[in-house]
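Along the sequence shown, the residues carry numbers beginning at 1.
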Amino acid sequence: MPDTDDRGGSLAATPAQTIGPFFGHALPVPGGGRIAPEGHPDAVTVHGLVRDGAGAPVPDALLEFWQAGPDGSLAGAPGSLRRDLATGALLGRDGAVFTGFGRVPTDAGGRYAVRTLRPAAAGRSNAAPHLAVCVHARGLLHHLFTRVYFPEHTAAHATDPLLAQLPEERARTLLARPDGPGRYRFDVQLQQSADGAFEETVFLAFR
């Protein structure tokens with residue numbers, strides 16, 4: 001039976017959604033994976049896969065990255081990703097080209113990559129240097145938060161408030177793995193696979 005309006009007239013049927021999932025369609029920005037200034041000699045690449053609970057790649061996820069700079073400073077304009085519309089170049093405070101923010105969709109194979117600088121610990125934080133990651137994907141009622149820690153900071157990991165309270169097998173899901181010169185692999189597992197082959201990434205709850 002068709003729906004009717006308050007005067008008894010028939011309403012035309014319309015689709016419940018038009019393009020969803022839309023994360024990889026409407027939100028990416030040009031150069032969103034270039035967090036480091038173009039050609040910076042210390043730039044590194046962080047790349048990996050986003051997988052679902054069946055171990056299958058998620059081709060329409062979106063990842064946002066937030067980080068401190070190599071000196072521990074927070075260079076970006078809070079709450080924004082400012083760019084030169086003509087060139088797509090990142091614009092930070094006072095015209096700097098490092099904002100500490102990136103936004104990348106996964107490709108058809110569930111892969112992502114960002115080009116950035118290794119962070120230092122921000123301000124007076126007790127946390128070891130890391131990238132903060134926000135994950136958007138189909139099937140999630142709310143976006144998820146996680147972190148990427150780098151293997152070079154072993155001493156800092158021992159006193160990091162988050163890593164220190166996690167069992168070793170869970171803490172490993174937050175550690176990027178060296179994957180060639182200037183490259184790190186970090187996979188995001190949205191749910192533990194039924195066969196136990198893939199451990200769910202640790203996700204953070206903010207209250």
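Scanning for side chain to side chain contact (heavy atoms under 4.5 Å, CB included) contacts around V44 gives T116, R118, Y184, with sequence neighbours left out. Take F186 and apply the ring-ring contact (aromatic ring centres under 6.0 Å, His included) test, not counting sequence neighbours, and it matches no residue. By the side chain to side chain donor-acceptor pair (under 3.5 Å) test, E199 pairs with R170, sequence neighbours left out. Applying the salt bridge (charged side-chain N to carboxylate O under 4.0 Å, His left out) criterion to E168, with sequence neighbours excluded, gives R172. Applying the side chain to side chain donor-acceptor pair (under 3.5 Å) test to Q189 and every residue at least two apart in sequence or in another chain returns nothing. H157 pairs by the ring-ring contact (aromatic ring centres under 6.0 Å, His included) definition with Y149, not counting sequence neighbours. Residues passing the ring-ring contact (aromatic ring centres under 6.0 Å, His included) test with H143 are H136, F145, sequence neighbours excluded. Partners of E200 by side chain to side chain donor-acceptor pair (under 3.5 Å), not counting sequence neighbours: none found. Not counting sequence neighbours, D42 has no partner by the salt bridge (charged side-chain N to carboxylate O under 4.0 Å, His left out) test. Residues passing the side chain to side chain contact (heavy atoms under 4.5 Å, CB included) test with D52, sequence neighbours excluded: A54, A56, V58. Taking D187 as the reference, R51, R185 meet the side chain to side chain donor-acceptor pair (under 3.5 Å) condition, with sequence neighbours excluded.
Screening residues 27-50 for ring-ring contact (aromatic ring centres under 6.0 Å, His included) gives no qualifying pairs among residues at least two apart or on separate chains.
A donor-acceptor pair is defined here as one N or O able to donate and one able to accept, closer than 3.5 Å; no such pair exists between the side chain of T146 and the backbone of F203.
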